[in-house]
Every structure is written in structure tokens, then in C-alpha cells.
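The analysis underlying the following values was restricted to heavy atoms, covering all of them including side chains, and did not include hydrogens, waters or symmetry mates. All values reported here derive from a predicted model rather than from experimental measurement.
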Amino acid sequence: MQFLVSVLDDKTNSATPEEMAAITAFNERIIADGNWVFAGGLAAPSAATVVDNRGGDAIFTDGPYLESKEYVAGLWIMEAADLDAARELVTEASKACNRRLEVRPFL
């Protein structure tokens, strides 16, 4: 199974050098263990563009879809046997990056 792990933060690119070292070590371990699919940081919501092409003409709106204090500042896509195994990995990831994380299975 694959899971989307969202990193929740109120800033972009805010990891300290110690947090980056812990994230790198965690990433190296899940790569070695076969749980890694992809990971990356995201630009601030102000860099977002919302595209709505449900009507006759596409509408492009600058800025985030939703305004909120916290937002998705980065993500992992991980492989795990089931939700329990994914939750164990995400518990470690939360400690490594020192952030709250949301985990959701892909359908």
C-alpha cells in the first residue's frame, strides 16, 4: 500500500540543520528498507495557482485554495504493508522532522 504523508507547518523551508540531519537519516533508512517512494518540500501557499477548468474557459487564481495558519509544507509518499505499519513510520518521521504529520492511504 502507498500512503501520502503531509508535513504540516506554518512556514516553508523552516527545518533547522539538526532537523535536516534527522530527516536525511530517516530518509536513508526508509530508502534502504524499501518504504521510500518520493519526498519533497513545497513552496509557500502564496506561490500556488488554483486552476478551475470545469466551465467553458479555464480560470486561474493566484494563491492557495484555502487560507489557514498551517499548511502542507512538504510530503512523503511511502510504501507500507498496512495502516499500522505506515503509522509506525510516520511516528518516526514526525520525530525526525519535529512537525505534525498527516497520513492518508491512496485508494
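Two residues are said to be in side-chain contact when any heavy atoms from C-beta on lie closer than 4.5 Å; Tyr71 and Leu42 fail this criterion.
For residues 93-107, every residue pair satisfying the side-chain hydrogen bond (donor to acceptor under 3.5 Å, both in side chains) rule, not counting sequence neighbours, is listed here: Asp9-Arg99, Ser14-Arg99, Glu19-Asn98, Glu19-Arg99, Glu70-Arg100. Applying the ring pair (Phe, Tyr, Trp, His ring centres under 6.0 Å) rule to pairs touching residues 77-107 yields nothing, sequence neighbours excluded. Listed by first and then second residue, the side-chain hydrogen bond (donor to acceptor under 3.5 Å, both in side chains) pairs involving residues 36-53 are Asp52-Arg54 (not counting sequence neighbours). Within the structure, ring pair (Phe, Tyr, Trp, His ring centres under 6.0 Å) contacts touching residues 81-103 (residues at least two apart or in different chains) do not occur. Pairs of residues two or more places apart, or lying in two chains, never qualify as ring pair (Phe, Tyr, Trp, His ring centres under 6.0 Å) while including a residue from residues 79-103. Evaluation of the ring pair (Phe, Tyr, Trp, His ring centres under 6.0 Å) test over residues 41-61, restricted to residues two or more places apart or in two chains, returns none. For residues 22-32, every residue pair satisfying the side-chain hydrogen bond (donor to acceptor under 3.5 Å, both in side chains) rule, not counting sequence neighbours, is listed here: Asn27-Trp76, Arg29-Asp33, Arg29-Glu92.
Nearest heavy atom pair, residue Val7 against residue Leu75, reads CG2-N, 4.2 Å.
Not counting sequence neighbours, Glu67 has no partner by the side chain to side chain donor-acceptor pair (under 3.5 Å) test. Under the salt bridge (charged side-chain N to carboxylate O under 4.0 Å, His left out) criterion, Glu79 pairs with no residue at all, not counting sequence neighbours.
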Can Met78 and Val37 be said to form a side-chain contact (heavy atoms from CB on, under 4.5 Å), step by step? CA-CA 5 Å; Met78 297 181 187; Val37 176; 5.9 Å; no

Please tabulate, for the side chains in residues 83-91, all donor-acceptor contacts under 3.5 angstrom to protein atoms that are two or more places apart in sequence or on a different chain.
residue, atom, partner, partner atom, Å
Thr91, OG1, Arg87, O, 2.7

